[in-house]
Amino acid sequence: MSTAPPAGTPTGTPEYLRAAVQRLLAAHDPAHTPAAEFLGARYDAGLAWIHFPVGSGGLGAPRALQQLVNDEFTAAGAPVLDSGRHGIGLGMAAPTLLAFGDEEIRRRFLRPLWTGEEVWCQLFSEPGAGSDLAALATRAVRDGDHWVVDGQKVWTSLAHEAQWAILVTRTDPNVPKHRGMTYFICDMTAPGVEVRPLRQATGEAEFNEVFLTGVRIPDAHRLGAVGDGWRVATTTLMNERVAIGGHAEPREGGLIGLLAGTWRERPELRTPGLHDALLRLWVDAEAARLTGERLRQQLAAGQPGPEGSAAKLAFARLNQQISGLELELLGEEGLLYDDWTFRRPASPSMLQGTPGYRYLRAKGNSIEGGTSEILRGIIAERVLGLPQEIRVDKDVAWKDLPR
Amino acid sequence: MSTGRGPGGTGQRQPPDLGYSEVEQELRANVRALVAARSPQSAVLARTESAEPVDTGLWRALGAELGVTGLAVPEHLGGAGAGWRETAVVLEELGRATAAVPYLGSCVLATAALLAVGDTELLPGVASGERVAALAVPFATAPGAAFPVGVTATGDGLLRGAVGRVADALTADVLLVPALTAEGSPGLWAVRGAAVDPLVSLDMTRPLADLRFDGVPGRLLARGPDALAALDAALTTGAALLAAEQLGVAEWALETTLGYVRTRHQFGRPVGSFQAVKHRLADLWVAVTQLRAVARYAADTVATGSPDAPVAASVAQAFASQVAVTAAEEAVQLHGGIGFTWEHPAHLYLKRAKSASIALGTADRHRARLAGLVDLPYPVQEQQA
């Protein structure tokens, strides 16, 4: 049953939205409703992404009011999805599906994505194309109303859990690299998809290598025009940086809270030098937090822009500095690690890990989701308007590039 | 008075507004236009070497034409009845121009003290800009510093003593002087007619002065806890809003440098096309973006009387000082030779930024203050054998 409002209702007002939330909460007590069922009802009521269209989890309401809706649900103890498991679906796949998927695509994919029934992953990076994403080599060849995909992807979080993937491929090797790409939705259970764990410096495997061998994808699962994959991928990447950087956190909400907690509880570890370093990082963390809050306030009113890159850059540096100081503060204890045995974390979170894990894992923060060097380049060129890097491969057909 | 003096813990607050309202953006445009017309950069430099280092023409225009000298003062006392958020916007623009006017001293430090003591006599003149007031404390004084004891008052209200390195005192008509009363308790006095000795200051656009009181009559504004509270309100508000001025300095440095490296060619390409330069400027932009959030938060806490104001002010000073100085230093460096010359204005910003990093407490003092406010105690000294 749909609880979407009838045409002509002023759905974009705070009063309407508050009342709609209360109606939903009255009909589905969050304390006694399974999470997926509750989230399904929230989707059907258009209270998932309120700025999405009616029927796609939204009400066509102003994006600025999303926070109000989220706050009302949080206050009522309503379920939310684990961002470790569903971050890619919610943060990257959903806005891309909305922007480039047709009615059919949105109807099929958005609801199970929102309820958490279907997990998504992102098949972007390749062994030969990391930061230079547009150099990717995974080939998609048309075969009637299907495409046949062959290639290898890497650094794929959640590939071993995911039902679906967003996938960028090479469909025309005869044109320059940015123009010959096409974007698809890939069924991770299709024949020819093989997922192998990729063990990282922490000892565990959050990521995977994904081998694609003769994987058949229906043309109906293409997002955007043939050859227009770079533009679609850019939408995904913009949203990725926002998803990584644009959180509203309470003071001491991140790694700095753990470090400050250890400082308060363990007076025997304190030294004057560490005190100075701790306070510097505490101030930097507060600055990053306020910047994230300011970014969130701006995003609430508009669309994601390159400012998300600044937040991501700042958090990566901060996480590395804080986790490094934490090991030094612990002194002798910092010489130990908890467990080097191979394992696959259910939901990776630095806040739940050990100090040694945090130190090692934070090293990935300046690489994943765009290296800090790439982000500085984006800021310099797109925000500050500085001249572009000299690009020798810009007008060369992809097949003629040195590899 | 809106400066909170609560425990300053980490409790949850009303969501702060970290943006700018339409009114504030309009205010910014008006101040920027006035400053550009009355105090162009060439004039700023020329004035530093003249007999009149303070720009009284710009000051009169800020008061009489724009009416921004009394933004924080209620309307019934002759002010605009706006608040500290709007005052911060004016400071951003004055920082961008390294304008030589006593705005921080009169419209922020002295105004905050007068509001705290409930003064009705001096505020109307200060709000209109017809009268300049200055808080007679060393400019490096941090919020929470010990009450100054350099000046004492006799039973009949005559002040004796000295205060060194006071900002915005050269043009002040009235000085607000923290001094010990005859009984030895803190007091705050309004004083005219002290001896003012100008100093050669690192910041040429905000000259400092030494003050001497040789039995000068003063009027008692507050005593005891009220005097302490007024001084604390002034210094906390000042530290919070100085960050807005530092933001203006940093923004000018970043924007001017960007303009230069886009057009200056070396080795057959714009200097700004070299990755080493681009990445430094990207990092600087991130820092300035963060400073904006920090400065807006600090202004918002004093404007709303939030109990988090002391924490926000110290975070602001610990952060803003570093960013503004880095921005000015990067401007000098990335301008190459021209950035080191007297004729280019970069040095005015370097001098303003470095002085501001010491004013109202260094970053180090604010971090030490934060340690107490947010419960991150200093190590207990071990006994030496």
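So that the names make sense, note that chain A is the first sequence line, chain B the second, and so on, each numbered from 1.
For B:R269, the part lying under 4.5 angstrom from a heavy atom of chain A is the side chain only. Using a 4.5 Å cut-off between heavy atoms, A:R317 contacts chain B through its side chain alone, with no backbone atom that close. Using a 4.5 Å cut-off between heavy atoms, A:I390 touches chain B through its side chain atoms alone. Using a 4.5 Å cut-off between heavy atoms, A:E373 touches chain B through backbone and side chain atoms alike. Heavy-atom distances place the side chain of B:P270, and not its backbone, under 4.5 Å from chain A.
The candidate with the highest count of non-hydrogen atom pairs below 4.5 Å against chain A, out of B:L18, B:V261, B:D17, is B:L18. For the set A:L384, A:T271, A:V283, A:L278, the count of heavy-atom pairs under 4.5 angstrom toward chain B peaks at A:L384.
Taking the ring centre of B:Y20 as origin, the terminal cationic atom of B:R28 falls inside the region bounded by 6.0 Å and 45° from the ring axis. A cation-pi geometry, defined here as NZ or CZ lying under 6.0 Å from the six-membered ring centre and within 45° of its normal, holds between A:K363 and A:Y359.
Of the possible polar contacts, none joining the B:H279 side chain to the B:V277 backbone as a donor-acceptor pair under 3.5 Å is found.
Checked for salt-bridge contact, B:K278 and A:E389 meet the test: a charged N lies under 4.0 Å from a carboxylate O. Remark: A:R361 engages A:E368 in a salt bridge, criterion side-chain N to carboxylate O under 4.0 Å.
Classified by interplanar angle (parallel below 30°, tilted 30° to 60°, perpendicular above 60°), the ring pair B:Y349/B:W252 is parallel.
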